[in-house]
Amino acid sequence: QVQFVESGGGLVQAGGSLRLSCAASAVTFRFNVAGWYRQAPGKQRELVASINGGTYYEDSVKGRFTISRDNAKNTVYLQMNNLKPEDTAVYYCNIVYNRQTWGQGTQVTVSS
């Protein structure tokens with residue numbers, strides 16, 4: 001059974017940084033398109049970044065977020081810099097074109 005465990009969220013002031021991690025079991029990230037999603041209160045879940053051979057970023061995070069992958073650890077990361085209050089959300093990882101059961105996510109709260 002595929003499982004994702006996200007971690008690294010927290011409370012940070014605007015302009016601060018966080019690094020999220022997502023460890024997976026029963027699926028290998030390097031053979032798939034791995035993505036980070038977020039869901040803010042009252043909004044739909046959205047894809048913010050993905051990685052396979054290349055990377056994709058949603059416009060609002062370009063230049064601030066960096067997705068990376070450690071194949072040996074089967075873990076994907078999301079480095080988030082210059083955080084803004086509108087980045088406040090629960091962040092999840094998943095396989096983009098073959099989505100699996102969602103993990104518990106990690107809460108990111110950015111105060112102004």
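Keep in mind the model is a prediction, meaning the values are calculated, not measured. In what follows, residues are counted from 1 in the order of the sequence shown.
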Between OG of S50 and CG of N94, what distance do you get to the nearest 0.5 Å? 12.0 Å
For the atom pair OG (S17) and CE (M80), what is the distance rounded to the nearest 0.5 Å? 8.5 Å
Using a 4.5 Å cut-off on heavy atoms from C-beta on, say whether the side chain of V108 contacts that of L18. yes
Among all residues two or more places apart in sequence or in another chain, which pass the salt bridge (Lys or Arg N to Asp or Glu O under 4.0 Å) test with E46? R38
Are side-chain heavy atoms of Y91 and W36 found at a separation under 4.5 Å? yes
Identify all side-chain donor-acceptor contacts of residues 97-107 below 3.5 Å with residues at least two apart in sequence or on another chain.
residue	atom	partner	partner atom	Å
Q100	NE2	N98	O	2.6
Q104	NE2	E6	O	2.9
T106	OG1	G9	N	2.9
Q107	NE2	A89	O	3.4
Q107	NE2	T109	OG1	3.3

Among pairs that include at least one residue of residues 19-32, which meet side chain to side chain donor-acceptor pair (under 3.5 Å), considering only residues two or more places apart or in two chains? none
May I ask you to decide if G54's main-chain N or O and N52's side chain share a donor-acceptor pair within less than 3.5 Å? yes
Rounded at 0.5 Å granularity, tell me how far OG1 in T88 sits from CD in E86. 8.5 Å
Determine the minimum heavy-atom distance between S112 and A14, stating which atoms define it. CA-CB, 4.4 Å
Note: L78 and A49 closest approach over all heavy atoms is CD1-CB, 4.1 Å
Shortest non-hydrogen contact from Y57 toward F65: CE2-O, 3.2 Å
What pair of heavy atoms forms the shortest contact from G35 to L47, and how long is it? CA-CD1, 4.0 Å
Return the SG to CD1 distance between C93 and I51, rounded to the nearest 0.5 Å. 12.5 Å
Tell me, which pairs form a side chain to side chain donor-acceptor pair (under 3.5 Å) where one or both residues lie in residues 61-70, sequence neighbours left out? D59-K62, R64-D87, R69-N71
Considering only residues two or more places apart or on different chains, which pairs with a residue in residues 49-83 satisfy disulfide bond (SG atoms under 2.5 Å apart)? none
Do the side chains of V76 and L20 get nearer than 4.5 Å, heavy atoms only? no
Distance from C22 atom SG to Y37 atom OH, nearest 0.5 Å? 11.5 Å
Suppose the criterion is disulfide bond (SG atoms under 2.5 Å apart): which pairs have a residue in residues 30-69, not counting sequence neighbours? none
Has the side chain of T75 got a donor or acceptor atom that lies under 3.5 Å from a matching backbone atom of K73? yes
Atom of N74, atom of V27 and distance for their closest heavy-atom approach: ND2-O, 2.8 Å
